[in-house]
Structure formats: structure tokens, C-alpha cells
Amino acid sequence: MRRVIEEVIDSGEFCLGHFVEDFERDFSGYCGTREAIGVGSGTDALWLSMMALGVGPGDEVITVPMTFFATVEAISMTGAKPVFVDVDELTYTMNPDLLERAITSKTKAIIPVHLFGHPADMDPILEIAGRFGIHVIEDASQAHGTRYKGRKVGSLGVVGCFSFYPAKNLGAIGEGGAVTTDNSSIAEKIRRFRNHGQTSKNKHSSVGWNSRLDGIQAAVLALKLKRLDLNNSLRRNVAKRYFDALKSVGGLRLPIEAEFAFHSYHIFAIQVEDRAHVMNALDTGEIGHSVHYPIPVHLQTAYLSLGYRAGDFPVSEQCAGRFLSIPVYPELRSEEVAAVIDTVRNCLVTAAAN
Ligand SMILES: *Cc1c(COP(=O)(O)O)cnc(C)c1O
């Protein structure tokens with residue numbers, strides 16, 4: 001990694017430049033799209049995609065409340081209004097059965113989120129969107145390498161949005177993001193928007209922004225992309241051990257991998273009723289854990305003005321109350337996986353006996 005960083009330093013191509021172009025080519029090839037456009041972050045990938053699709057004030061954009069805040073924040077930054085559809089209770093992604101009733105004459109785009117690395121059920125979402133002439137933007141920030149019916153996510157909607165935040169399955173050594181698409185006119189717009197609306201030096205055909213991917217991040221990402229499939233398979237191995245060891249334990253719900261899915265296990269979230277108890281046991285065993293996400297976005301203070309209240313999206317709310325993420329990263333050692341299993345199992349088996 002230090003070698004490629006030095007190469008970038010020697011070349012002086014720090015903002016855009018050929019390291020970015022090379023990575024864009026590699027990443028679009030990996031995702032199976034004609035184009036990939038490197039941008040400043042996953043949040044920017046979402047925002048610039050919506051800008052390129054003409055989303056703005058007066059429009060509505062549908063997404064899910066069980067996601068990272070940025071999905072919804074990007075909608076707000078365009079001036080459009082976020083509208084929520086609850087998630088499915090098994091896949092934790094947008095429930096297609098609830099989608100149609102959320103569509104109005106103002107709906108301009110739909111953003112399913114491939115949460116935790118599990119793909120959303122894209123076919124029914126694309127069918128409904130197609131019928132109404134609405135764009136589908138994939139939030140694939142947690143799903144590098146995830147597949148839906150054999151096809152890579154990021155290649156299914158009109159655009160796919162990726163984050164390269166360091167903790168993601170494909171992570172930079174700082175901030176970064178990308179948009180994938182087969183649509184060359186959208187790609188051209190996003191390339192322009194990420195660089196101040198410039199068509200050539202000192203010629204600005206529209207207002208844009210500064211959201212350029214930098215050369216060092218691109219060079220590191222190109223290197224790490226070569227290991228992405230291996231790392232995802234290591235994540236899948238850890239997940240398989242959790243399934244085998246925990247499937248018969250009462251008092252917890254494991255994630256699923258739907259028939260249509262190839263899961264990349266960005267996050268392994270179990271559901272437990274007494275979360276605090278299991279978190280305590282993990283703390284005692286010095287095992288890392290987290291909650292993604294304890295407050296669904298419709299109940300965040302920032303979105304009080306949308307007028308939603310507790311009870312509006314019961315599946316997301318129940319998940320928020322019960323989710324607990326346990327370690328699933330590729331470098332996890334076998335004995336560490338065993339320690340997680342023992343801790344969770346002992347905790348729940350003891351609880352059941354009392
Ligand atoms: C990480 C993430 C983002 C935002 O990406 P950044 O690169 O941090 O801006 C957006 N959506 C989801 C679902 C994410 O997990």
C-alpha cells in the first residue's frame with residue numbers, strides 16, 4: 001500500500017487524474033456497469049445522483065427509515081422531501097408490498113438500501129418504479145460485491161451509490177465514494193457536477209460542487225479491490241459459523257440470506273430482546289459490538305418536522321430496539337469467532353434457564 005501511495009505522491013495527481021480513472025475503470029468492471037464516477041463520499045454519491053436526475057424542491061423521494069442517516073440527508077440536501085416505506089422483517093430491506101401506496105404524483109425517485117450487505121428485492125421495486133416512470137437509485141454503500149439473482153448490486157437501478165468510508169467492505173484510507181451507471185448522459189452530468197460544473201478549464205456550464213475523489217484514495221482502492229471477493233468470502237465463512245452454532249439457540253433471531261441473495265455481510269446483526277444483557281456479556285469478554293441503528297431515521301430529532309411518530313414503521317422500530325451487531329470482519333481469528341459464539345450462547349441459554 002505504501003508503494004502505491006508513493007507513486008501518487010511522485011506523480012502529483014492528487015485530485016482526479018489517472019489513478020482515479022484507472023480505479024473507475026476497475027470498479028465499473030467489477031460491478032458490471034459501463035461507467036463508475038469517483039466522488040468525495042457515499043453521501044455525495046447519493047446527492048450528486050439525485051441532482052443529475054433532476055430531483056429538487058417539490059419532489060418526493062422514497063426510502064426506508066432503517067438505514068444510515070446519510071441516505072435520507074442526501075434527499076433533504078436536494079430540497080426534496082423524504083418519504084418512508086417500512087422494511088421487510090426478514091431481509092431488513094425495503095418491503096416492495098408497501099411501496100406502491102407511498103407513491104404520489106410528486107415521487108421522483110426510490111432509494112432501496114442494501115442494508116448490512118443483503119440486497120433489497122429489486123425486481124418488484126423496479127417493476128413498480130417502471131410502471132410509474134420513477135428512477136431507482138441503489139444505496140449500495142454497505143454492499144460492495146453483493147449480488148441479486150446473480151447480478152452485482154450497483155448495476156440494477158439507473159445508478160448505484162457506493163461509500164468507501166474506511167469501515168466499509170471496500171474502504172479507503174479516508175473518505176471516498178462512487179456512482180455506477182450504464183447511462184452515459186447521467187455519468188457525464190455527475191462528472192461535471194463533482195468538479196464545479198466544468199466542461200473544460202474555466203468553462204462552467206452549470207453550478208456543481210467540489211466532490212472529487214483523490215488520487216491516493218483511488219490508488220489504495222484499486223489495490224484493495226483485488227482482495228474484495230476474498231474478504232467477502234472470509235466474512236461469509238464467519239457468518240456460516242455463527243449460523244451453525246447459533247441457529248438452535250432460543251431468544252435470538254439470526255439474519256437471513258434470501259433465495260435471491262448473495263450476502264456480503266458488511267454487518268452481522270442479530271435480534272435479541274434483552275440487548276443490554278448480551279451487550280454486557282460481550283463487554284465482559286472484551287468483544288466489540290455495536291447497534292446499527294438504534295433510532296430509525298423517521299424518529300430522529302432532525303426529522304421531527306416530517307411529522308412521523310412512533311408506531312408508523314413497526315418493523316424498523318422493532319429492529320432498532322433489538323438489533324445487535326457482532327464482529328464479522330475478514331481478519332477475525334477462529335478463536336475469536338468461537339469466543340463470540342460462546343458468549344452469546346451462554347448469555348441466552350442462562351437467560352432461558354432463569
Ligand atoms: C456509509 C453509508 C452512507 C454514507 O457514506 P459516506 O461515505 O460515509 O458519506 C450512505 N448510506 C449508507 C447505507 C451507508 O452505510
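All heavy atoms count here, side chains included; hydrogens, waters and symmetry mates do not. Note that ligands are numbered from 1 as they come in the structure, with each ligand's atoms numbered from 1 the same way. Worth saying up front: this structure is predicted, and the values here are computed from it rather than measured. One is the number of the first residue; the rest follow in order along the sequence.
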Legend entry - Residues Arg191 and Glu24 bridged, charged N to O under 4.0 Å: yes
Legend entry - Under 4.0 Å to a heavy atom of Thr67 - the qualifying atoms of ligand 1, by number: 13 (C)
Inset, instruction - Kindly state whether the ring of Phe27 and the ring of Phe162 have centres lying under 6.0 angstrom apart. - result: yes
Legend entry - Protein heavy-atom partner closest to atom 13 (C) of ligand 1 - residue, atom, separation in Å: Asp139 OD2, 3.4 Å
Legend entry - Ser41: numbered ligand 1 atoms lying under 4.0 Å from its heavy atoms: 7 (O), 9 (O)
Inset, instruction - Enumerate the atoms of ligand 1 whose separation from the nearest heavy atom of Gly42 is less than 4.0 angstrom. - result: 5 (O), 6 (P), 7 (O), 9 (O)
Legend entry - Distance from atom 10 (C) of ligand 1 to nearest protein heavy atom, with residue and atom: Ser141 OG, 3.5 Å
Legend entry - Residue part near ligand 1, for Thr43, under 4.0 Å between non-hydrogen atoms: both
Legend entry - Region of Asp44 that comes within reach of ligand 1 [heavy atoms, distance under 4.0 Å]: neither
Inset, instruction - Could you check which of Cys161, Ser163, Ala140, Ala167 puts a non-hydrogen atom nearest to atom 6 (P) of ligand 1? - result: Ser163
Legend entry - Given Phe323, Tyr265, Phe268, the one that forms ring-ring contact (aromatic ring centres under 6.0 Å, His included) with Phe116: Phe323
Legend entry - Identity and distance of the protein heavy atom lying nearest atom 14 (C) of ligand 1: Lys168 NZ, 3.0 Å
Legend entry - Atom of His292, atom of Met66 and distance for their closest heavy-atom approach: O-SD, 4.4 Å
Inset, instruction - State whether the shortest distance between N or O atoms of Phe68 and N or O atoms of ligand 1 falls below 3.5 angstrom. - result: no
Inset, instruction - May I ask you to decide if the ring planes of Phe164 and His144 are parallel, tilted or perpendicular, using 30° and 60° as cut-offs? - result: tilted
Legend entry - Tyr165-ligand 1 polar pair, N/O distance under 3.5 Å: no
Inset, instruction - Starting at OG1 of Thr343, measure out to CD1 of Ile341 and round the result to the nearest 0.5 Å. - result: 10.0 Å
Inset, instruction - May I ask you to check whether His298 and Phe313 place their ring centers less than 6.0 Å from one another? - result: yes
Legend entry - Salt-bridge present (Asp244, Arg241; N to O < 4.0 Å): no
